[in-house]
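See structure below.
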Amino acid sequence: MKKELPKTYNPAEYEDAIYKKWEQSGFFNPDNLNLPDTAKSYTIVLPPPNITDKLHLGHSAMLAIEDLLIRYHRMRGERALWIPGTDHAAIATQNVVEKKLLREQGKTRHDLGREEFLKRVWEFLKTTQTMILHQTRKMGASLDWSRQAFTLDEPRERAVRKLFSDMYHEGVIYRGVRVVNWCPRCQSTLADDEVEYKEEKSKLYWLKYGPFVLATARPETKLGDTAVAVYPGDKRYEKMVGKKFMIPGVLGEFEITVVADRAVDPKFGSGAIKVTPAHDFTDYEIAQRHHLPVKQVINEHGRMMANTGKYAGLTTKQAREAILADMEKMGLLDHIEDGYLHNIAVCYRCGTQIEPIPSKQWFVNMDKKLKHLGGKSLKDKAIEAAETGQIEFIPARFKKRYLDWMNNLHDWCVSRQIWFGHRIPVYYRKQEMTKSQIPIFNEIPNSKSQTLNKGSGTDEEIYVGEEAPAGEGWIQDPDTLDTWFSSGTWTFSTLGWPDNFVKGKKAGDLDRFHPTQVLETGYEIITLWVSRMIIMSFFALNEIPFEKVYLHGMILDKHGKKMSKSKGNGIDPLDMIDKFGADAVRLSLLMGNTPGNDAKYSEEKIASFRNFNNKLWNVARYIITNYELRITNYEFNAGELTLADKWILEKLKNLIKAVILDLEKYQLAQAGEKLREFTWDDLADWYLEISKFEKNKEKSQILNYVLENLLKLWHPFMPFITEAIWQEMGYDRMLMVEKWPKSDAIASFQHNKEKFEVIKQIIIAIRNARAENKIEPTRKVKAVIYAGKRKNLVAEQAEPIKALRTGIGELEVKTDGQKIAGAIYAAVGEIEIYLIGAIDSEKEKARLEKEIDNLEKAIKTAEGRLANKEFAAKAPGGVVKKEKDKLKGWREELKKFREQLGNIK
RNA sequence: GGACAAUUAGCUCAGUUGGUUAGAGCGUUCCGUUCACAUCGGAAAGGUCAGAGGUUCGAGUCCUCUAUUGUCCACCA
């Protein structure tokens, strides 16, 4: 069957139809692959993109990499499952919608109320979600849409409620009082990861503080001071440690205790610091260690509280000024230092300065020893998993980052004072919930963790469970959960946990697909997400969530800057797909990109892969339009094969082996590089050119065979164009579910491969000599080759040598003979080549001199190496022999070049 | 302050247990459209592998230090 194809590949003509065909086939779902029970599973859960915005090129890279892995494993006959989904991204989404609301209607979320506001959020996320799913399909991602999930849909809500409840009842989740990062604008606590630091120059105030003089940047917190801390053994203060002092202040005298604590830097300031446990993290820790009272003076709106007398109601900034003025009057201010450089903590969303304040929050205890984990804590298990290599990081260096973080892990605050997210499954009775849920503490009794019914003097009942409790008067906790709490369940909640987990036994999808094989994600998310999935999976299933963590780098713009909307340097994947096709976009993201390293990106890069796509298209076009297709049973008669046939088959055999090896090692770009080289250099530039004049009855078979295998090997990288060509070849079945090539299926022609390389070298040498001598391409030249022991080979291959752009008219091949004066000379090892009657003496002289120069340099290096006695004595025999052979060959070549140069002079 | 990376051709990057004259793409220069493809073909130029030491018969590759750039973590009262 022969047919016509356009000269250039037009992606738009094929992509949507092909994706539809794939999707309708049902093969994205491994249950439809008709695999034997013994088939291995290969599962990836897609890191769910935030529904705050449409996808950018970073997401495209993620999709390209994961789809490559999934398609490869699917073709290898594995139960390949890739689960799609999106992430509700609690705070981020709420913020986006709030900002939009404020901009468009001038309203805050409080104006609308919780229910109405959440309605708006859901409306918003429907549109972005639709966009994201569309973009994902356009990339060609072979995700199993029948298992699509959302981190805030009903099944995930059940999983989250169950997990929270189980954790609570096992004592892993507790309600505690903590100084938390509080954003007065967002009215929410922030996780440590959500806090950013900004350098700022401010004033440092030196206060007269009873018997001390000490420095502070925040004098207003003095109202909450309960201690002074010094470094243990500091001679200046040794005698005061353990004593109590009355300190004069703007509201009269107050009592402090002097404690010794190693958190103090004796070299900073006066070596003594005031301790404000309620409004500073270090101070809170000091207070814990020394059982100091905690006195809150700043509330959740960043204003001074009722217990601050005349300052009550002022913002911290106003209070600072008022207090400073009063201190000045009272003579309590020693002096002020200007230009003090320090970091201030700000909210990552809105940039507002963080106020550390004490608050009741829900925490996950990382150190609690658990019976079902064999007496180990979640932290123990998470550390062990990486240390023993149960979970492997690619690249390996990220293991260290993960472990550093894990080892320093403190309890995880999971409650958030926002509306959008998983509502905490905790119910209270007989307590009036304050609007803000931030209790006002004057004196907080000191206990590391406390449950509400005993801790702070309230008398409420508390209920934690998957469903709301029966009975009257229960009110659900108004807070929601940290978004990572739900995304932490991603590997198992998407596989049917908890329904598929009965009496400690996995069933259904959970049994078949968990643990997953690889988590592919960005390195910036290791601590936020990867670590939490590991923790959650151990708690829920006592097993790892994935075997490997493959970390990709960031996609930067061509100047090396992070792409962002505000900078306007972002590239929209859909625009690029429209312009160059999805395959070109995928390839440009896969190639020249190694795990863990950032990659600069430019449109020119995509264009070059679009060009490559077209090259592949034309290779196929040539074969399809010139040869018989639809060969069902390949049988090569070795006796009929030419040298070039054997060469390309051997190349293909090696290629299959190498690509598999690279892919197994997750060296995706390297596999792609080898494929590109084979396609463009070996197949298009050499074999196809030869096939134009070398006609034997095996050609049609071999060309088809090579093309088919090549399409299979390329398919995971460029699914659309390969499937399109496959269709054009006339196959009804889909390439997507074809069997992956086996190198064993091809007989070895190693010996012939080397022979062909010699012919290639001869051709290249002739082309070079012609170009350097400026011989017009159309001019035919006579060539004489003294081929030594290669005489028969060269004589047999006269046709390729003449036809492949060497411009050889007449070719004479001998074993050896006289030097030919006045001819252009070239050499390949011992083989001498003369081009007669076209010499440009000057140019030829320059060319020979250059060759001689190169050879002399190489010979010098090799001689030096061999002259070293240690080298001969210590290097492996093979290396020494190789070196000697090389040297010998170069010397022979050099000799001939020199003689030839002499002939010209 | 701590950690981790990067530094290889004009640009973007490969280079897997140390072993040919260190590679590719883009760009550049010269030549070429009867050719499947000008989104193409042929040829070429271009690198003291950031710097300094060290280990080794042998270092782009291993070790130490330095410089520059980037990222992450911690944190300053």
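Here is how names work: the chains are called A, B, and so on, in the same order as the sequence lines, proteins then strands, and each is numbered from 1. Keep in mind the model is a prediction, meaning the values are calculated, not measured.
Among residue pairs with one or both ends in residues 766-780 of chain A, those qualifying as side chain to side chain donor-acceptor pair (under 3.5 Å) are N773(A)-E844(A); sequence neighbours excluded. The salt bridge (charged side-chain N to carboxylate O under 4.0 Å, His left out) pairs that include a residue from residues 593-608 of chain A are K558(A)-E604(A), K579(A)-E603(A), where partners are two or more places apart or lie in different chains.
Taking atom CG of N618(A) as the reference point, atom P of rA38(B) lies 7 Å away to the nearest angstrom. In this structure, I721(A) atom CD1 and rU39(B) atom C1' are separated by 11 Å, rounded to whole Å. For the pair Y402(A) OH and rC73(B) P, the interatomic distance rounds to 16 Å; values are reported in whole Å. Rounded to an integer number of Å, the gap from L403(A) CG to rG2(B) C1' is 16 Å. Atoms CD (E870(A)) and P (rU55(B)) sit 13 Å apart, rounded to a whole Å. In this structure, CG of D682(A) is placed 14 Å from P of rG41(B), rounded to the nearest angstrom. Atom NZ of K692(A) is separated from atom P of rC37(B) by 8 Å (rounded to the nearest Å). K400(A) places its NZ atom 8 Å from the C1' atom of rC4(B), with the value rounded to the nearest Å.
Residues of residues 768-781 of chain A that place a heavy atom closer than 4.0 Å to RNA chain B, in numerical order, are N768(A), A771(A), E772(A), K774(A), P777(A). At a non-hydrogen distance threshold of 4.0 Å, G592(A), T594(A), N597(A), K600(A) from residues 588-603 of chain A come into contact with RNA chain B.
A search for ring-ring contact (aromatic ring centres under 6.0 Å, His included) contacts involving Y601(A) returns nothing, not counting sequence neighbours. Listed by chain and residue number, F398(A) satisfy the ring-ring contact (aromatic ring centres under 6.0 Å, His included) test with Y523(A) (two or more places apart in sequence, or in another chain). Residues passing the ring-ring contact (aromatic ring centres under 6.0 Å, His included) test with F609(A), sequence neighbours excluded: none. Residues passing the ring-ring contact (aromatic ring centres under 6.0 Å, His included) test with Y622(A), sequence neighbours excluded: none.
Looking at heavy-atom distances under 4.0 Å, D685(A) makes contact with sugar-phosphate atoms alone, never a base. No contact: K857(A) has no heavy atom under 4.0 Å from any strand. Among the atoms of the strands shown, base atoms are found under 4.0 Å from some heavy atom of E689(A). Within 4.0 Å (heavy atoms only), K850(A) reaches sugar-phosphate atoms of the nucleic acid but no base atom.
Considering only heavy atoms from C-beta on, L668(A) stays 4.5 Å or farther from D662(A) through its side chain. The side-chain heavy atoms of P219(A) and L324(A), taken from C-beta on, include a pair separated by under 4.5 Å.
The residue among A872(A) and V619(A) whose nearest nucleotide of RNA chain B lies closer to the 5′ end is V619(A). Projected onto RNA chain B by closest heavy-atom contact, D662(A) and F398(A) fall at different nucleotides, the more 5' of which corresponds to F398(A).
Contact annotation: T527(A) does not reach the phosphate of rC72(B) (side-chain N/O to OP1 or OP2, under 4.0 Å). For rC4(B), the OP1/OP2 oxygens have no side-chain nitrogen or oxygen of R397(A) closer than 4.0 Å. Taking 4.0 angstrom as the limit, K605(A) places none of its side-chain polar atoms (N or O) nearer than this to OP1 or OP2 of rU12(B). Between Q670(A) and rG15(B), a side-chain N or O to OP1/OP2 separation shorter than 4.0 Å is present.
A donor and an acceptor atom, one from each side chain of W206(A) and T216(A), are nowhere located under 3.5 Å apart. Under 3.5 Å, the side chains of D225(A) and T276(A) contain a donor-acceptor pair of N or O atoms.
In summary, E863(A) and R891(A) engage in a salt bridge, as defined by a charged side-chain N under 4.0 Å from a carboxylate O. Salt bridge annotation for R805(A)-E689(A): present, with a cationic side-chain nitrogen under 4.0 angstrom from a carboxylate oxygen.
Closest contact between the side chain of K615(A) and the listed nucleotides rG42(B), rA36(B), rU39(B) involves rA36(B). In this structure, the nucleotide among rU39(B), rU16(B), rA36(B) sitting nearest to the side chain of R610(A) is rU39(B).
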List, with names and distances, any nitrogen or oxygen atoms from the protein found under 3.5 Å away from nitrogen or oxygen atoms belonging to nucleotides 46-48 of chain B.
none

Output one line per pair: protein atom, nucleotide atom from nucleotides 59-65 of chain B, and distance, for all N/O pairs under 3.5 Å.
none

Legend entry - Canonical and wobble pairing (Watson-Crick, G-U, under 3.5 Å) of RNA chain B, dot-bracket with |: (((((((..((((.....[...)))).(((((.......))))).....(((((..]....))))))))))))....
Inset, instruction - Do nucleotides 18-29 of chain B as a string where each nucleotide becomes B, S or -: B if the base has a protein heavy atom under 4.0 Å, S if just the sugar-phosphate does, - if no protein is that close. - result: -BSB--SS----
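In this pair, Y9(A) and Y14(A) present their aromatic rings parallel. The plane angle is below 30°, not in the 30 to 60° band.
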